[in-house]
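A note on names: the letters A, B, ... follow the listed sequences, proteins ahead of strands, and every chain is numbered from 1. Every value quoted in this text rests on a predicted model; they were computed, and no experiment measured them.
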Number of protein chains: 2
Amino acid sequence: MPAGFNTADMKKLDEIVATRRRVKQGDMLFSNGDVFTSLYAIRTGFFKTCVSTEDGREQVTGFQMAGEIIGLDGIVTDHHSCNAVALEDAEVCIMPFANVEDLSREFPLLQRHVHKIMSREIVRENSVMMLLGNMRAEERLAAFLLNLVQRLHARGFSQSELTLRMSREEIGSYLGMKLETVSRAFSKFSDEGIIEVKQRYVRILNADALKKIFNPETCN
Amino acid sequence: MPAGFNTADMKKLDEIVATRRRVKQGDMLFSNGDVFTSLYAIRTGFFKTCVSTEDGREQVTGFQMAGEIIGLDGIVTDHHSCNAVALEDAEVCIMPFANVEDLSREFPLLQRHVHKIMSREIVRENSVMMLLGNMRAEERLAAFLLNLVQRLHARGFSQSELTLRMSREEIGSYLGMKLETVSRAFSKFSDEGIIEVKQRYVRILNADALKKIFNPETCN
DNA sequence: CGAAAGGTTGACACGTGTCAAAGTGGGTGG
DNA sequence: CCACCCACTTTGACACGTGTCAACCTTTCG
């Protein structure tokens with residue numbers, strides 16, 4: 001929720017949330033083809049969203065954590081065009097989109113907030129396109145790790161330690177590379193003393209080195 | 001503009017457009033860092049949008065033609081995060097975003113329309129991610145050509161002939177491949193009798209074959 | 001405890017990138 | 001109006017990063 005509302009406003013804004021829903025690890029919050037009715041605000045847990053082709057290839061389009069909104073893909077056709085899968089037990093707030101639109105008309109601040117959320121997603125996807133189109137395996141992984149810790153840190157977690165909620169294959173799908181290549185890049189970073197890796201536990205030992213890999217020119 | 005408005009409504013909706021602007025080939029409509037004030041509806045002409053890293057790598061994030069909206073990237077931070085370049089002389093309608101938001105509150109149909117436009121862009125970028133992450137050079141080019149002719153056909157142009165407005169390098173940037181690879185893929189399609197290419201002129205001789213390349217499984 | 005899923009590592013293959021040279025077409029100035 | 005020039009495109013030869021396939025290891029969970 002955005003800032004700038006008084007308590008009376010906040011009470012009305014509570015109406016956006018119809019109810020909450022728990023999603024167990026591995027379960028889908030919504031899937032491709034489902035009728036779109038609501039946006040979902042993640043309260044706890046971790047999701048991936050992915051699209052797939054008829055011939056079975058899957059592309060992870062994003063990883064979402066507490067405080068982020070999923071379901072925006074469904075607005076345009078009234079049907080979802082991707083799957084949202086919980087990577088750990090999760091709880092979401094269900095926000096019927098009709099409520100969102102009604103209250104947006106009443107509260108310009110909310111309207112602006114909704115627009116920003118959608119715009120942010122567009123900008124994020126732009127940078128993923130840059131990553132997929134122009135970067136090499138190690139740059140992609142460095143960018144991915146830096147993005148993850150930055151978002152976790154904004155939520156009060158460590159900026160140097162994290163536990164991955166997704167498999168090597170899912171990371172690879174997101175980054176446009178095979179799981180073996182992901183694993184090799186982790187090992188390389190580890191050999192170079194940039195990170196410490198043990199399965200899904202990752203500790204960043206030298207963030208500057210990671211940033212340098214991600215963006216070779218901008219280093220100092 | 002969406003359907004469903006009466007003439008009185010339409011008159012008010014005209015207020016969205018502040019003015020028009022001509023953009024000459026090669027000129028930028030807006031660029032990374034510019035303050036965001038307006039969305040732009042393309043009346044005529046053809047644009048590319050692209051992001052770039054500090055070390056000079058450029059990623060084309062989309063090609064836009066008449067009737068499409070650009071500038072959505074600027075909403076989230078009040079500053080544009082990409083460049084919009086005219087690939088041919090163009091004219092756009094300038095729609096100050098404040099007007100869009102004001103009238104959206106008044107006209108639910110417009111509000112819904114704006115939301116759909118943003119959602120459509122998110123879904124489009126999802127499919128570009130699939131393309132960049134999972135497909136091979138020839139599949140990417142086939143998908144690209146099919147998408148282009150489909151959009152041109154929706155605007156009354158031929159569904160088998162087109163003149164590309166962008167260079168091989170720009171196509172390559174969009175599709176995550178080098179210009180030589182783009183050129184080779186064109187030549188291969190040409191050798192196989194699937195298309196006829198002469199520089200920027202392309203005629204599709206066998207659309208089914210292209211679809212087959214794009215999606216090997218879904219053929220029949 | 002055993003099986004299944006996920007992760008690591010090695011050897012090799014292959015698609016695309018890189019570099020270079022030549023061809024093509026369009027725009028501009030003399 | 002022609003000729004030149006420059007940007008763009010095509011094509012070839014070769015290099016290299018990542019994919020593929022396989023074996024083995026680790027961890028989790030029934």
Within the structure provided, determine whether [X] and [Y] are in side-chain contact (heavy-atom separation under 4.5 Å).
{"X": "A:Cys82", "Y": "A:Phe30", "result": "yes"}
{"X": "B:His115", "Y": "A:Phe97", "result": "yes"}
{"X": "B:Leu87", "Y": "B:Glu170", "result": "yes"}
{"X": "B:Leu141", "Y": "B:Ile171", "result": "yes"}

- [ ] Of all the heavy-atom pairs spanning A:Ile42 and A:Val92, show the shortest one and how long it is.
- [x] CA-CG1, 4.2 Å
TODO: For the pair B:Lys188 and B:Glu192, find out whether any cationic side-chain nitrogen is under 4.0 Å from an anionic carboxylate oxygen.
DONE: yes
Rounded to the nearest angstrom, tell me the gap between atom [atom1] in [X] and atom [atom2] in [N].
{"X": "B:Arg165", "N": "D:dC8", "atom1": "CZ", "atom2": "P", "value": "16 Å"}
{"X": "B:Glu170", "N": "D:dT9", "atom1": "CD", "atom2": "P", "value": "8 Å"}
{"X": "A:Leu87", "N": "C:dA5", "atom1": "CG", "atom2": "P", "value": "17 Å"}
{"X": "A:Lys188", "N": "C:dG7", "atom1": "NZ", "atom2": "C1'", "value": "19 Å"}
{"X": "A:Phe189", "N": "C:dT9", "atom1": "CZ", "atom2": "P", "value": "14 Å"}
{"X": "A:Asn134", "N": "C:dG17", "atom1": "CG", "atom2": "P", "value": "11 Å"}
{"X": "B:Glu139", "N": "C:dT16", "atom1": "CD", "atom2": "C1'", "value": "14 Å"}
{"X": "B:Leu141", "N": "D:dT9", "atom1": "CG", "atom2": "C1'", "value": "14 Å"}

Open item on the list: So, does B:Thr181 get its side chain near the phosphate of C:dG17, meaning an N or O under 4.0 Å from OP1 or OP2?
Closed with: yes
Open item on the list: Is A:Ser167 close enough to C:dA5 that one of its side-chain N or O atoms is under 4.0 Å from OP1 or OP2 there?
Closed with: no
Task: Contact list for DNA chain D against residues 199-207 of chain B - heavy-atom distance below 4.0 Å - done: B:Gln199, B:Arg200
Open item on the list: Both A:Glu180 and A:Arg136 contact DNA chain D. Which one's nearest nucleotide lies toward the 5' end?
Closed with: A:Arg136
Open item on the list: Just to be sure I understand the rule, does B:Arg184 reach a base, reach only the sugar-phosphate, or reach nothing, if contact means heavy atoms closer than 4.0 Å?
Closed with: base
TODO: Check every strand shown and say whether A:Lys198 touches a base, only sugar-phosphate, or nothing at a heavy-atom separation below 4.0 Å.
DONE: sugar-phosphate
- [ ] Would you mind telling me which of D:dT10, C:dG7, C:dG17 lies closest to the side-chain atoms of B:Ser183?
- [x] D:dT10
Task: Per B:Arg168 side chain, nearest of listed nucleotides D:dT10, C:dT16, D:dT18 - done: D:dT10
Just distance, no hydrogens or angles: give the donor-acceptor pairs under 3.5 Å from side chains in residues 65-80 of chain B, sequence neighbours left out.
unit_1  : atom_1 : unit_2   : atom_2 : d
B:Glu68 : OE1    : B:Met65  : N      : 2.8
B:Glu68 : OE1    : B:Arg151 : NH2    : 2.9
B:Glu68 : OE2    : B:Arg151 : NE     : 3.2
B:Glu68 : OE2    : B:Arg151 : NH2    : 3.4
B:Asp73 : OD2    : B:His80  : ND1    : 3.2
B:Asp73 : OD2    : B:Ser81  : N      : 2.9
B:Thr77 : OG1    : B:His79  : N      : 3.3
B:Thr77 : OG1    : B:His79  : O      : 3.0
B:His79 : ND1    : B:Gly33  : O      : 3.1

